[in-house]
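Working notes for the structure below.
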Amino acid sequence: MKRLLSNVLLLVLTMSLIAACGNSNNNNSTNGEQGQNATNGAAQEGNDLREKELVKLNVVMMSNDKEDKDLVVEEVNKITREKLNVEVELTFISYGNYVQQTTMMLSSGKGVDLLPIYMTPLATMANNGQIIPLTKLIDKYGQEMVEAIGEEYIEAGRIGEDIYGITTGRDLAKAYGFEMRKDLADKYNIDYANIKTLDQLEEALMIIRANEPDVIPVVPSNGELVRNWGWDTLGDDMTNLGVLMDYGKELNVVNLYETEFYKEFITRMHKWYNNGLIMKDAINNTENVGTMMKAGSAFGGFMNLKPGFDVQETRNYGTEIVVSEIIPAYKTTSDVQMATWAISNGSKHPEAAMKLLNLMYSDPELSNLLINGIKDKHYVAIGEASNGQSIIDYPEGMDATTTGYRPSGGWLWPNQTIGHVWAGNAANYWEEQTNFNNTAAVSAAYGFTFDSSKVRNQMTASSNVVAKYHDALMTGMLDPEKALPVFLKELESAGIKDIVAEKQAQLDKWAAAQNK
Amino acid sequence: MNAALGTNKRKHKYKRFVPLYVMMVPGLLYLLINNYVPMAGIIIAFKHINWNSGILGSPFAGLSNFEYLFKTKEAWVITRNTLGYNVLFIVLGTVISIGVAILLNEIRSKFWKKSYQTVILLPYLISMVIVSYLVFAMLSSESGFVNNSILEPLGLDGLTWYTEPKYWPFILTIVHIWKVFGYSCIIYYATLVGIDRGYYEAAVIDGANRWQQIVNITLPALKPTVITLVLLQVGTIFYSDFGLFYQVPMDSGPLYDVTNTIDTYVYRGLIKLNDVGMSSAAGVYQSLVGFTLVYIANRLVTRFSKENALF
Amino acid sequence: MVENGKGFQVFANIIMLALTIFCLFPFVLLVVSSFTDESTLIRNGYSLFPAKLGLDSYAYIFKKIETIARAYVITIVVTVSGTLISMMLTVLLSYPLSRRDLPHRNTFAFLVFFTMLFNGGLVPTYIMWTRYLNIDNTIWALIVPALLLNAFYVIMMRTYFMTSIPEEVIEAGRIDGAGELRILARVVLPMSVPMVATLSLLIGLGYWNDWRNGFYYLTDSSLFSIQNMLNTMLQDVQFLASGGAGGNAGEIAATMPSVGIKMAIAVVGAVPILIVYPFFQKYFVKGITVGAVKG
């Protein structure tokens with residue numbers, strides 16, 4: 001016993017020493033940063049945007065690595081050095097590693113100044129203090145950016161008092177529907193353009209089922225059959241804990257899984273599953289629907305849609321793809337906050353970072369470099385786009401797999417809409433997209449962000465319950481008559497009521513403040 | 001006078017060991033940097049972390065970060081699964097690895113000995129995600145090997161394996177054993193080849209048969225290794241192999257009752273919340289239970305054979 | 001070995017053969033699928049006798065030969081140097097702990113063992129290595145964190161020293177006037193070859209199989225090991241499978257390597273061990289003879 005005691009004592013002593021040492025380090029570094037900010041600010045009087053001394057900024061982006069990255073960065077730096085006296089260091093992190101690596105980078109405050117927040121909710125990043133409030137910086141250095149993206153969409157990045165993330169220029173509303181192979185649709189005279197309901201879709205799928213035994217009519221796109229089928233998740237994409245139904249027409253938070261709408265949907269899917277319309281191993285399919293369409297084993301799958309989606313998919317898979325829109329476009333806070341650019345809490349040069357961000361959003365030359373690479377090396381101009389830029393294509397003999405800098409994920413870069421349009425799309429592609437964003441239905445809770453900190457325990461428990469049943473029900477693998485009651489019971493004991501109530505309370509408070 | 005003599009003697013006693021202590025310095029230094037300094041981070045489990053104010057500056061959360069681990073009906077299921085599988089894995093894994101090590105040691109043909117040894121290590125070299133693909137290749141409803149090549153020729157209906165929880169305790173156990181037995185038998189095998197041959201020769205002279213040799217010589221020689229390995233595994237009994245329980249069942253919801261462990265539960269619960277305090281609380285809880293169990297187990301070992309205790 | 005019945009030999013061989021098939025079958029499936037035509041693989045699933053074979057996967061690997069060769073070199077450099085340093089640290093730490101006469105040895109043993117049970121979690125460790133020791137995006141990131149000294153191996157080594165090295169041998173060394181380091185190097189280590197070989201193998205396998213260090217500490221893919229390459233591909237698929245990219249999945253999926261390529265890389269990653277391991281095994285045997293002579 002005595003030995004254990006002395007061991008423990010020794011341990012506690014070492015650890016407290018370490019803790020103390022960690023503490024002072026921490027304080028020093030934060031003080032240092034603040035001090036620097038203050039001096040930077042003082043030096044920035046006047047209209048000259050150039051930094052006094054050359055500043056290096058780490059920009060992180062989600063992408064698999066590109067061979068010609070350094071060449072592009074060199075070109076980028078020519079612009080940024082001249083305009084801002086800033087040099088950019090670009091880090092690409094692959095998709096599957098992105099969340100984990102950026103979370104750690106943001107926690108340690110090292111290696112990143114600017115980055116897109118994606119997959120991790122903006123609100124938790126802001127509440128954890130991993131990213132900094134931007135409102136003041138935007139007022140000072142971000143005006144061109146605001147103009148380029150639109151005041152309305154900038155506002156959607158507001159968490160509490162401040163704006164924390166700037167949404168990227170992309171499709172900010174979502175329509176939902178079904179994508180399918182054109183060859184088969186034509187073969188059986190499926191009038192895809194006029195399929196507007198699940199009933200009509202079902203008819204079409206039955207034809208495929210009856211005539212094409214080797215083709216699976218519906219393959220779940222990436223593990224889940226559909227997401228957000230016309231409801232506003234209020235920040236909980238995939239788990240749907242407390243939603244607004246009917247495209248968010250009213251500020252009435254409900255438990256999605258209790259609604260008649262949900263029950264109807266999953267009952268239909270179960271019927272589809274039993275009729276062989278849905279892939280048997282639906283929940284554990286790791287193969288992408290597009291890859292399967294290309295291989296000839298799938299007819300189609302549910303997708304969220306945007307203008308030009310069919311063209312994009314056709315280009316991706318090299319097999320012609322068409323779409324049927326079933327749920328018309330609508331717009332929620334989550335859609336806008338899904339991908340936003342933010343400044344790391346560890347950034348030593350937040351002002352320079354904002355200036356750079358502003359430039360990335362508003363300077364077509366810089367944006368084109370980052371998104372499309374170097375002209376005549378990674379792309380060639382083949383026509384005029386309606387925004388004054390070019391229509392571009394790969395140079396002779398190059399394609400998506402051989403380019404040294406392929407523009408995948410242009411939507412995650414700050415603002416692709418000021419840049420070139422890829423061949424195959426309409427010349428007014430970006431205008432169409434802006435139009436789509438601006439004309440979509442708007443959820444009544446648009447602009448509201450939920451703070452989950454009061455219901456953390458209920459959230460973890462409910463997320464687990466949803467993971468257990470939701471996907472299996474949506475893909476029709478489980479019988480709703482048996483599984484749904486159990487699901488609801490477990491969900492209730494996990495505390496979904498508290499979440500719904502908390503969401504409603506915050507929403508009411510938010511609505512009251514809006515009407516003031 | 002006496003006291004002075006005492007310290008002198010003690011000094012002398014320590015002086016002899018200085019070289020030994022010096023030898024330990026690099027290793028201990030590494031543990032200090034890699035393990036002990038970051039251990040201060042355990043404090044995160046008791047904080048509402050805001051990176052803006054740093055780890056120490058963040059407000060205290062008391063035990064609230066731990067609540068979610070207990071305030072759920074699943075608490076029982078995940079604890080049962082984690083403990084149950086681990087106990088099963090420890091017992092089965094140990095028995096099978098020792099068995100295989102003994103067999104390997106007995107085989108005379110050098111060529112076969114080497115071949116067996118190499119091949120049974122193969123599964124250990126394959127990443128768990130790839131393993132999950134292979135399991136899927138076996139069990140897929142549409143094109144799976146088991147459905148198409150075993151059940152159907154026997155006139156049986158194919159199963160949708162990924163929605164049938166009752167088979168998964170067996171599947172997971174088989175996959176786990178398959179993956180690790182070649183690896184863990186290496187350690188036992190190394191101990192076996194170290195046994196002095198003279199013991200066996202003497203036993204043969206005494207007329208002992210093969211079985212008696214194994215029971216009376218081989219197993220006692222393995223005892224210290226077995227005790228050490230089991231004690232170490234007890235220490236991580238509240239942890240689970242994420243790849244095995246998440247990737248291999250392909251995160252299939254209908255299987256959760258038999259595949260959900262503390263690690264997968266925490267993972268699923270925190271994907272969206274991204275709460276470092278809560279995830280670190282889970283780690284502290286797992287470590288604390290493991291530590292308590294090892295401590296008790298080690299006390300028991302001390303009582304029966306002091307030689308083999310860990311500390 | 002000692003006299004051994006023929007019946008027993010047959011029995012032992014049959015069991016081991018069964019186990020071998022049990023281990024080999026999935027691996028063969030893996031190899032065959034890496035040689036299967038891509039769309040056949042997607043349409044018909046994995047099979048030992050695919051309808052159509054294809055070399056697409058290996059053609060891809062060949063096209064990326066530069067990247068893959070570099071990853072190989074990194075894996076080998078990291079495995080060899082990591083194992084050497086790690087073995088040195090392990091022996092130096094475990095030998096004193098095995099000495100029954102060393103004062104406070106249990107306290108130290110406890111300190112070592114304790115690191116297996118408690119850890120500060122990923123984030124503090126990450127902060128330690130990156131912010132204070134600047135190890136990120138260097139080759140050291142693959143060697144040093146987590147893997148360089150494992151308490152488990154220290155304890156194994158210590159147990160071996162305590163049970164297999166008679167105290168009299170060490171005492172004899174001291175009477176001859178040898179220092180501690182000399183006793184360790186000249187007397188104790190030669191008697192411990194099987195264990196040193198075993199632990200080197202385990203440590204080496206740990207380095208070879210490791211993808212976590214690269215995953216945590218590297219963003220520069222030119223430093224990726226084979227396992228990091230494979231893991232990144234697999235993580236990307238997981239990311240798509242979890243619905244991460246939504247409507248943009250297609251765009252990302254189009255740039256990703258296919259299933260067959262992942263299988264091919266898994267094969268490429270495992271094969272070298274299969275080649276090296278049999279050569280390694282002779283040290284297990286050598287150990288006995290040395291031990292027998294001295295003991």
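Note on naming: letters A, B, ... go to the chains in the order of the sequence lines (proteins, then strands), and numbering restarts at 1 for each one.
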Per-residue contact mode, Leu147(C) against chain B (heavy atom under 4.5 angstrom)
backbone

Counting heavy-atom pairs under 4.5 Å with chain C, the top scorer among Ile44(B), Val135(B), Ile33(B), Thr191(B) is Ile33(B)

Could you label the plane-to-plane angle of the Tyr124(B) and Tyr183(B) rings as parallel, tilted or perpendicular, counting under 30° as parallel and over 60° as perpendicular?
parallel

Could you check which of Asn35(B), Leu134(B), Thr236(B), Thr118(B) has the highest count of heavy-atom pairs closer than 4.5 Å to chain C?
Thr118(B)

Which word best sums up how the rings of Phe8(C) and Phe11(C) line up, parallel for under 30°, tilted for 30 to 60°, or perpendicular for over 60°?
tilted

Between Leu97(C), Ile155(C), Val123(C), Leu205(C), which has the largest tally of heavy atom pairs under 4.5 Å with chain B?
Leu205(C)

So for Val91(C), is it side chain, backbone, both, or neither that comes closer than 4.5 Å to the heavy atoms of chain B?
neither

Toward chain B, the part of Thr159(C) with a non-hydrogen atom under 4.5 Å:
side chain

Please confirm whether the backbone N or O of Gly206(C) pairs with a side-chain atom of Asp210(C), one donor and one acceptor, at under 3.5 Å?
no

Tell me, side chain or backbone of Phe118(C) under 4.5 Å from chain B's heavy atoms, or both, or neither?
both

Given the options Ile102(B), Leu104(B), Leu288(B), which has more heavy-atom pairs under 4.5 Å with chain C than any of the others?
Leu288(B)

Classify the ring geometry of Trp178(B) against Phe22(C): parallel below 30°, tilted from 30° to 60°, perpendicular beyond 60°.
perpendicular

Is Ile127(C) close to chain B through its backbone or its side chain, or both, or neither, when contacts mean heavy atoms under 4.5 Å?
side chain

Taking Leu102(C), Val154(C), Leu19(C) one by one, which has the highest count of heavy-atom pairs under 4.5 Å against chain B?
Leu102(C)

Classify the angle between the aromatic ring planes of Phe25(C) and Phe145(B) as parallel (below 30°), tilted (30 to 60°) or perpendicular (above 60°).
tilted

Side chain from CB out, backbone as N, CA, C, O: work out which of these in Ile126(B) comes under 4.5 Å of a heavy atom of chain C, or both, or neither.
side chain

Per side-chain contact (heavy atoms from CB on, under 4.5 Å), Tyr30(B) is matched among Leu93(C), Thr115(C), Leu149(C), Ile85(C) by Leu149(C)

Honestly, the part of Thr228(B) sitting under 4.5 Å from a heavy atom of chain C is side chain

